[in-house]
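For reference, the structure discussed in these notes is given below.
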4 protein chains.
Amino acid sequence: MGSTPQARRGDTRQRIQDVAMELFAEQGYEKTSLREIAERLDVTKAALYYHFKTKEDILISLFQDLARPLDELLDWGRQQPRTLETKQELVRRYSVALQSALPLFRFMQQNQAAMSHLRPGETLKDRMIAMTNLLRDPDAALPDQVRSLSALFVMHTAIFAMQHIEADPEDKRKAVLEVALDLLAQAHPGEQAHPGEGVGDAPDAS
Amino acid sequence: MGSTPQARRGDTRQRIQDVAMELFAEQGYEKTSLREIAERLDVTKAALYYHFKTKEDILISLFQDLARPLDELLDWGRQQPRTLETKQELVRRYSVALQSALPLFRFMQQNQAAMSHLRPGETLKDRMIAMTNLLRDPDAALPDQVRSLSALFVMHTAIFAMQHIEADPEDKRKAVLEVALDLLAQAHPGEQAHPGEGVGDAPDAS
Amino acid sequence: MGSTPQARRGDTRQRIQDVAMELFAEQGYEKTSLREIAERLDVTKAALYYHFKTKEDILISLFQDLARPLDELLDWGRQQPRTLETKQELVRRYSVALQSALPLFRFMQQNQAAMSHLRPGETLKDRMIAMTNLLRDPDAALPDQVRSLSALFVMHTAIFAMQHIEADPEDKRKAVLEVALDLLAQAHPGEQAHPGEGVGDAPDAS
Amino acid sequence: MGSTPQARRGDTRQRIQDVAMELFAEQGYEKTSLREIAERLDVTKAALYYHFKTKEDILISLFQDLARPLDELLDWGRQQPRTLETKQELVRRYSVALQSALPLFRFMQQNQAAMSHLRPGETLKDRMIAMTNLLRDPDAALPDQVRSLSALFVMHTAIFAMQHIEADPEDKRKAVLEVALDLLAQAHPGEQAHPGEGVGDAPDAS
DNA sequence: TATGAATGAGGATTCATTCAT
DNA sequence: GATGAATGAATCCTCATTCAT
């Protein structure tokens, strides 16, 4: 790629994160050693410690970057009225975020265990619970609560489960989103979704 | 229950598996050391090596035990006609298996990475793909394929996602199963499910 | 000394302590690496960890062995009447203990800092304070308290300070003891020491 | 005291020495890292290297500063007649020096080991030997030599041993000095100390 | 005067594994 | 069936030091 050592000046921190992300996602946090990361970057292990205080710090820094879009979506959701439309929009936005951040989510799933001793409120699990709490109505019938929850999780699992199905990625995303929105609608019997807002096209992820 | 140290004679292998299962599920395979397992059993590390050739052997032995019910279900499914009813029964049976084996599945999820270098066809992922292939129809519309897939995965994710919701476990299971069966039915427009077979009660998990 | 590897079976723990003692006394705890200890014993570093949980554990184990005679002396002193004679006997016994345990005390002095974060009551300093509290009378005039304290410390410092003076070690010890007993007597004006008990000969330190 | 960051310009070298002194005295030389020193000064480690060539250089520079008063006292002593009065004056001056430089001496004691590979004649030990050689008479009886030695060392040990005794510091100093002078006098039987020169008051330590 | 970025050597510690008994 | 003692390789991490800027 023509990236000579000189051209790399100042971006070492970023490069560490990139490589770490890649390896953590591939092999998991525990199995990835700092030696491996350092070697791939052609720096010494000690150099990593100039940029991050501990190995876990690298993990956390990655996680925080990855969690930000989720946090923003949660913030947005909390400020909206608790209507079906809001929930549908949440799901739609989540679908888009997921599409452009699939490796990140893969990374997060691989490394849930390694992150499970974070401060409460800081884990992926906590964020997912927060998310589902925006979607489900605690007074609804249990099956309807399940439908709401599942609108969210279906997007995760289906995307992964469909990786070996041959089809256009955007088509797959729309198919999954359709099912998610369907579940959501079924979870709200008697309510009417906003007309004219379907699955729609994803914006460019530039 | 009267299991004195003497009474344990001969079941050390089983006890190792139990403890390993517990710890692997809790902290993951990589983070769990043989020292930890040995200490909890009050034996020496060397004793473990009398029963298992390597650490990975413990993992594999656990995995094989856990995978057997899944394999049996797959075998059964393969011998049935590819009808909606078969699929519904698959989902029903899966739901029951899941209920009595939740820790096992938790264990499997935690340790996917550690098992990913197994022979092809031996991983959990492979079995899940096989399972979804029994459920989905490759010629159906994409959203309907998603619905079929999701019938399966919803059972996983929802059960975990509902852990912090207060309700009777059996009620939760039925609610989840209802949604799964619903998805399946919706994935087969025009077909009619066998009447008189609803969510039903789970058999005793003796 | 003809100590073949075979002859060493079972005494590795002791040998670690011996070598550690030697090196800690010579270079101090911090400057001594486990590699050094292991190499001198011709075992691996990991072998050390079979016998001691941490490096500090080695230090503590040494310290406890060394502190025992001191503790015994303290115990004895606490059970005696608080008379001048008792104090004189304490000093006499201390002098003897010191003579046969000089390397140990050298070791302790070298490594005070490394041990300073022990539990209260566990440090050398605490024991010395306890010792001086047996010797001095808090109601006496300050200079007399100083004399009592000094009876103890003089034995330490003088022995070290006299190392480069040529004389028979036992003569040196007696000379120091004489001064210590003198200080003690002067600290108790008006009291009469037990007659017939002078500096005397040290018992064999076999 | 109005020492703004700006006011500190140019005294960085001094500030490094101050912080190093503090930390070396507290934790010892080996346990104190340059990172620690730099952080406490809010500069980079590299900045330390502008002022000192190595870590050991800091130690040596401190030691030389601290040793100067001792060297001056030694020089003075060497030029005086070898009388009891000279010795008494040496002890008196030493007592005063000690009082205003207690942390320094604490520092030196902590870090004897670290300095033990200095050129001969450069160590604290060497100076203490020189000092005792001014005090003791090699032809005197051994116990009298011990008394002379101890006159010096008592001042060290007693001051530290009395730290946990409640009393006015100046009173303590005088008490210790009295004992030291006493020891000296007793070491010179038949000689008469200069009359009218007792323990006296310490000069201001400006 | 200082810093930012890095290095090389070495630190303590842990791990899975082995083997004679 | 199990232990006691040990190993070799790897781990994360810290340190004093350097040097271009």
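Order of the sequence lines fixes the chain letters, A, B, ..., with proteins taken first and strands second; residue numbering starts at 1 for each chain. Quick caveat: nothing in here was measured; it's all calculated off a predicted structure.
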- Nearest-0.5 Å distance, CG of residue A:L70 to CG of residue A:L124: 7.0 Å
- Report the distance from atom CD of B:E22 to atom CD1 of B:I37, rounding to the nearest 0.5 Å. 10.5 Å
Among the nucleotides [options], which one has an atom lying closest to any side-chain atom of [X]?
{"X": "B:A46", "options": "F:dG4, E:dA6, F:dC12", "result": "F:dG4"}
{"X": "C:T44", "options": "F:dG8, E:dA6, F:dT17", "result": "F:dG8"}
{"X": "B:S33", "options": "E:dC15, E:dG11, F:dA10", "result": "E:dC15"}
{"X": "B:A47", "options": "F:dA2, E:dT3, F:dA16", "result": "F:dA2"}

Any idea which heavy atoms bring [X] and [Y] closest together, and the distance?
{"X": "A:G121", "Y": "A:R127", "result": "O-NH2, 3.9 Å"}
{"X": "B:E30", "Y": "B:A114", "result": "OE2-CB, 4.2 Å"}
{"X": "B:T32", "Y": "B:E36", "result": "CA-OE1, 3.7 Å"}
{"X": "C:M21", "Y": "C:L66", "result": "CE-CD2, 3.6 Å"}
{"X": "C:T44", "Y": "C:A38", "result": "C-CB, 3.8 Å"}
{"X": "A:Q110", "Y": "A:E26", "result": "NE2-O, 4.2 Å"}

pair [X]-[Y]: side-chain heavy atoms closer than 4.5 Å:
{"X": "B:M108", "Y": "B:M128", "value": "no"}
{"X": "D:F160", "Y": "D:R106", "value": "yes"}
{"X": "A:F107", "Y": "A:N111", "value": "yes"}

In this structure, how many angstroms lie between the [atom2] atom of [N] and the [atom1] atom of [X], rounded?
{"X": "C:K31", "N": "E:dA12", "atom1": "NZ", "atom2": "C1'", "answer": "17 Å"}
{"X": "D:L48", "N": "F:dT18", "atom1": "CG", "atom2": "P", "answer": "13 Å"}
{"X": "B:Q14", "N": "F:dG1", "atom1": "CD", "atom2": "P", "answer": "14 Å"}
{"X": "C:R35", "N": "E:dG11", "atom1": "CZ", "atom2": "P", "answer": "4 Å"}
{"X": "A:E39", "N": "F:dA10", "atom1": "CD", "atom2": "C1'", "answer": "12 Å"}
{"X": "C:E36", "N": "E:dG11", "atom1": "CD", "atom2": "C1'", "answer": "12 Å"}
{"X": "C:D42", "N": "F:dA5", "atom1": "CG", "atom2": "C1'", "answer": "15 Å"}
{"X": "A:L34", "N": "E:dT7", "atom1": "CG", "atom2": "C1'", "answer": "16 Å"}

- Of the residues in residues 49-61 of chain B, which ones touch DNA chain E at a heavy-atom distance under 4.0 Å?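 Contacts with DNA chain E under 4.0 Å: B:Y49, B:T54, B:K55.
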- Give, ordered by number, those residues of residues 16-30 of chain B having at least one heavy-atom distance below 4.0 Å to an atom of DNA chain E; if nothing qualifies, reply none. none
- Nearest-nucleotide check on DNA chain E, D:V43 vs A:V43; residue mapping nearer the 5' end is D:V43
- For DNA chain F, which ranges pair as stems of 3 or more consecutive Watson-Crick or G-U pairs, with both donor-acceptor distances under 3.5 Å? E:2-21 with F:2-21
- Could you tell me whether A:K55 sits above the aromatic face of A:Y29, with NZ or CZ closer than 6.0 angstrom to the six-membered ring centre and within 45 degrees of the axis? yes
- Query: Should B:T12 be listed as having a side-chain N or O under 4.0 Å from OP1 or OP2 of F:dG1?
  - Reply: no
